[in-house]
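As structure tokens, the structure follows; a few thoughts come after it.
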Amino acid sequence: MATDTRELSAAGRGRAAVRIRGLERSFGPRKILDGLELDIAPGEFVALLGRSGSGKSTLLRALAGLDHDVTGKGVPDAPDDVSVVFQDARLLPWKPVLDNVVLGLDGPGARERGRAALAEVGLAERESAWPVELSGGEQQRVSLARSLVREPRLLLADEPFGALDALTRIRMHELLRKLCAAHRPAVLLVTHDVDEAIELADRVVVLEQGRLIADLPSVTDGPPRPGTPEHAALRGELLARLGLGAAAASKREEVLV
Amino acid sequence: MSTLTKKPAPERAAGADRPGRAPGTRGPRLAPGRPRRFGKALGPVVLVALWSAGSAAGLIEPRLLSPPWTVVATAGDLIADGRLQGHLAASAQRALLGLVFGTAAGLLLAVAAGLSRIGEGLIDGPVQMKRALPSLALVPLLVLWFGIGETMKVVTVALAVFVPVYIHTHNGLRTIDSRYVELSETVRLSRRRFVRHVVLPGALPGFLLGMRFAVTAAWLALVVVEQVNATSGLGYMMELARTYGQTEIIIVGLVVYGLLGLLSDGLVRYTERRVLSWRRTLAN
Ligand SMILES: Nc1ncnc2c1ncn2[C@@H]1O[C@H](COP(=O)(O)OP(=O)(O)OP(=O)(O)O)[C@@H](O)[C@H]1O
Ligand SMILES: [Mg+2]
């Protein structure tokens, strides 16, 4: 069932949304990305895991065209209409919410589209509030609306929910899944949270020593089914790849028992 | 003796039904607290009270510092015969013109220096040098260049004004968070929009701080030029009074300068509150 949908989306991909071959990036003598390869199909949701400092943000910045202070070889083949959700919501504090959402957009319909995007994230009535007047989760929703109103072909998100509490995170997961299902951008989501990765993504990749050392289809497609043996196995596998073998094993026992 | 046996009222000791403080009635613990009405007038009122008391008690020599009532009467006379208004208008015109030209120059140079490395290399050094020169030191040169007319006075004021405007605006520009620059790149802002939506609003707090220094600098520079070479203006009125030993007129002039400084600072701060309402700071 899960495989079926993936086959469908694979069939629908004329060409990959993202195509990376032999990407290298270094800070001084330190090679952070070393011959990295990655394809993302249109509409595919990929989660990127990796130790802290493994180069996840560096990869994302290369895709977003923000890698000015880094040397290296290779330019990722990515669409022009890329949108980034940063870890901090990164709203301009001197602009009301709606102006932040439509920042840089042209045309008479821009504000209307901005309003619609705000409504999608459930903040329609806060359009004239200042960013400081919003809670952390609300700010992150505004930043999501700012990304989606651009209808990007590629959505890059660098630990967008890292600063949120567990409950808000769950709500944001639901929202992100719903919005991605509606707009179908290709997504690359950086996260530290294995469960988040499994829950949201079609595919989970692990970055280590400058390359992707794992590229696993997520067992969950649509609503996640934690507690199933497949889920536990994938979780254990990912944790093992992240260098948490022992912990992974014990967790696996726990779930399987 | 009976007081010893009296028990404290139990409910007060328990404090259970003490009316709770409504949220928001108490200020934050570390911030300075709610602003009080007329709170800013406290200091000046105390000063005037001390001055009056000293004069009435004969502790203050009237030739050195006239008593407040003489100063008020003199101010009344000066207003009645229109002299004060005339001098004030002359001074205000110079201050305003100098402020306009100086602010425009400071702003333009700051934006030029903040947005391009070449601009910074060209502009920043000379401005820092100008900063070290007091306005008074430039007056002889400006007299040679512009004569002793209005132009020289306006230029002196403008030169005093543009330095703080430049310094604080430039600083505001340079300290704009690089994260906002990144954001602008990812939403593909054009350079013009980047300046308009990110750079200028981001530098606005710095610019307004510069303006607060600038208005004070404008009045200070004015005192200098009007006392050196003028036939009208508050500085001239005071200089004339000095030659005739009219202490009370000097003090009227000083008070007017003080009020003008207070008024212009208040105006800038009012503007600050209006245009920076997106900020949450200790003051509000
Ligand atoms: N501007 C920079 N100058 C020098 N070194 C840098 C710079 N940015 C990142 N690095 C280094 O590159 C490596 C990868 O950084 P990166 O931010 O991509 O890691 P990450 O995987 O995103 O980590 P985290 O999960 O903690 O965010 C780190 O070791 C970091 O020290
Ligand atoms: Mg990172």
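Proteins get letters first, then strands, A, B, ... in listed order; numbering begins at 1 in each.
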Can you tell me which of A/Asp80, A/Asp99, A/Asp81 forms the most heavy-atom pairs within a distance under 4.5 Å of chain B?
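Counting heavy-atom pairs under 4.5 Å, the top option is A/Asp80.
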Would you give the length of the straight line joining atom CH2 of B/Trp278 to atom CG of A/Leu91, rounded to the nearest 0.5 angstrom?
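Nearest 0.5 Å value for the CH2-CG distance: 13.0 Å.
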Would you say A/Asp106 and B/Arg193 make side-chain contact, with heavy atoms under 4.5 Å?
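Side chain of A/Asp106 against side chain of B/Arg193, heavy atoms only: contact under 4.5 Å found.
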Check the surroundings of atom [atom1] in [X]: do more than 12 heavy atoms from other residues, nucleotides or ligands lie under 6.0 Å from it?
{"X": "B/Tyr257", "atom1": "OH", "value": "yes"}
{"X": "B/Leu47", "atom1": "CG", "value": "yes"}
{"X": "B/Lys130", "atom1": "NZ", "value": "yes"}
{"X": "B/Arg196", "atom1": "CZ", "value": "no"}
{"X": "B/Gln93", "atom1": "CD", "value": "no"}

Which bit of A/Leu105 comes within less than 4.5 Å of chain B, counting heavy atoms only: side chain, backbone, both or neither?
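Backbone only.
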Does any backbone or side-chain atom of A/Val132 lie under 4.5 Å from a heavy atom of chain B? Answer side chain, backbone, both or neither.
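The answer is the side chain of A/Val132.
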So, for [X] and [Y], which heavy atoms are closest and what is the spacing to 0.1 Å?
{"X": "B/Val187", "Y": "A/Arg150", "result": "CB-NH1, 3.6 Å"}
{"X": "B/Glu185", "Y": "A/Leu66", "result": "OE1-CD2, 3.5 Å"}
{"X": "A/Trp130", "Y": "B/Ser277", "result": "CZ2-OG, 3.6 Å"}

When only heavy atoms count and the cut-off is under 4.5 Å, which of residues 171-184 of chain B reach chain A?
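Against chain A, the residues of residues 171-184 of chain B that fall inside the cut-off (heavy atoms, under 4.5 Å) are B/Arg179, B/Tyr180, B/Glu182, B/Leu183.
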B/Leu276 vs A/Trp94, side chain to side chain contact (heavy atoms under 4.5 Å, CB included): CA-CA, chis, key distance, verdict:
CA-CA 8 Å; B/Leu276 299 184; A/Trp94 49 80; over 6 Å; no
Side chain, backbone, both or neither: which part of B/Val198 has a non-hydrogen atom closer than 4.5 Å to chain A?
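For B/Val198, the contact with chain A is made by backbone and side chain together.
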